[in-house]
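Numbers for residues simply follow the sequence, beginning at 1. Fair warning: this is a prediction, and the values are worked out from it, not measured in the lab.
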Amino acid sequence: MARRKIQHQEGIRAIRSCLEDPDSADLATAVRYLLEELAEAAAGNTVEVRVPPYGATQCIAGPRHTRGTPPNVVEMSPENWLNLAIGRISWMEAVERNLVSSSGVRASLEEVLPLGIKGIH
């Protein structure tokens with residue numbers, strides 16, 4: 001597991017800031033914190049989750065990818081990642097509304113989202 005870069009309190013503060021103001025300057029911190037939470041909650045290297053321009057992580061146990069473009073990729077906007085990670089929208093809703101781009105047979109986060117972060121509501 002990667003070493004955490006954003007402390008819990010800082011991440012919660014950033015998420016709350018973004019919930020109050022969608023144009024918050026804390027969006028990058030909130031996105032990165034939630035990516036760290038995902039990597040911890042669903043440890044593995046099978047799926048790469050990309051949230052440009054702020055970050056990416058690998059998650060979900062299974063076959064490890066080591067070279068080139070990963071076979072299982074999920075990509076979305078920072079705003080959609082925030083909403084998915086905290087449960088404002090479901091994975092199925094995001095897919096149906098084309099809010100996420102996914103490729104690969106294992107490129108789904110339905111089983112791990114929302115992350116269940118305490119203290120944000």
Side-chain angles (χ1 to χ4, degrees):
M1 177 173 31
R3 198 176 115 244
R4 182 170 287 282
K5 295 179 181 178
I6 300 170
Q7 296 301 314
H8 179 71
Q9 292 301 342
E10 181 184 0
I12 296 300
R13 184 198 56 73
I15 293 168
R16 286 181 181 158
S17 174
C18 291
L19 293 176
E20 291 173 13
D21 175 12
D23 296 322
S24 172
D26 292 316
L27 185 58
T29 300
V31 164
R32 290 176 183 136
Y33 173 75
L34 291 167
L35 286 171
E36 288 177 2
E37 287 290 307
L38 174 64
E40 190 172 293
N45 298 95
T46 299
V47 178
E48 183 166 294
V49 178
R50 299 174 180 169
V51 185
Y54 299 125
T57 195
Q58 291 186 354
C59 60
I60 313 289
R64 181 176 177 80
H65 164 76
T66 57
R67 302 180 83 185
T69 301
N72 301 290
V73 176
V74 174
E75 187 168 324
M76 69 201 83
S77 72
E79 297 78 13
N80 290 334
W81 169 237
L82 178 71
N83 288 325
L84 274 166
I86 66 171
R88 281 185 148 178
I89 60 173
S90 71
W91 176 257
M92 289 309 298
E93 180 182 358
V95 169
E96 289 169 2
R97 292 176 51 201
N98 292 315
L99 301 177
V100 298
S101 169
S102 60
S103 63
V105 295
R106 294 174 175 244
S108 173
L109 301 177
E110 184 173 23
E111 298 296 320
V112 297
L113 294 178
L115 293 172
I117 307 218
K118 297 185 186 328
I120 57 171
H121 297 288

>> Return the CE to CG distance between Met76 and Asn83, rounded to the nearest 0.5 Å.
In response: 11.0 Å
> Between atom CZ of Arg88 and atom CG of Leu19, what is the distance when rounded to the nearest 0.5 Å?
Replying inline: 4.5 Å
> Ala28: what forms a side chain to side chain contact (heavy atoms under 4.5 Å, CB included) with it, not counting sequence neighbours?
Replying inline: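 Scan of Ala28 (side chain to side chain contact (heavy atoms under 4.5 Å, CB included), adjacent residues dropped) gives Arg32, Tyr54.
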>> Please enumerate all residues that pass side chain to side chain contact (heavy atoms under 4.5 Å, CB included) together with Asp26, with sequence neighbours excluded.
In response: Arg13, Ala14, Ser17, Cys18, Ser24
What closest approach, in Å, do [X] and [Y] show between heavy atoms, and which atom pair accounts for it?
{"X": "Ala30", "Y": "Leu82", "result": "CB-CD1, 4.4 Å"}
{"X": "Glu48", "Y": "Gln58", "result": "OE1-NE2, 3.4 Å"}
{"X": "Gly11", "Y": "Ile6", "result": "N-CG2, 3.8 Å"}

Output a table of donor-acceptor pairs, distance under 3.5 Å, between side-chain atoms of residues 91-106 and any protein atom two or more places apart or on a different chain; print 'none' if there are none.
unit_1, atom_1, unit_2, atom_2, d
Trp91, NE1, Ser108, OG, 3.4
Glu93, OE2, Arg97, NH1, 2.9

>> Assigning hydrophobic clusters by single linkage (Ile, Leu, Val, Met, Phe, Trp, Tyr; side-chain heavy-atom cutoff under 4.5 Å), is Ile15 placed with Leu115?
In response: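 In one cluster with Ile15: Leu115, yes.
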> According to a 4.5 Å side-chain heavy-atom criterion applied to Ile, Leu, Val, Met, Phe, Trp and Tyr, with indirect links allowed, do Leu113 and Ile12 form part of one hydrophobic cluster?
Replying inline: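 Same hydrophobic cluster.
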>> Test: salt bridge (Lys or Arg N to Asp or Glu O under 4.0 Å). Region: residues 76-87. Which pairs qualify, not counting sequence neighbours?
In response: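 Matches after skipping sequence neighbours: none remain.
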>> Please enumerate all residues that pass side chain to side chain donor-acceptor pair (under 3.5 Å) together with Glu75, with sequence neighbours excluded.
In response: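 Listed in chain order: nothing, the list is empty.
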>> Among residues at least two apart in sequence or on other chains, which ones pass side chain to side chain donor-acceptor pair (under 3.5 Å) with Asn72?
In response: none
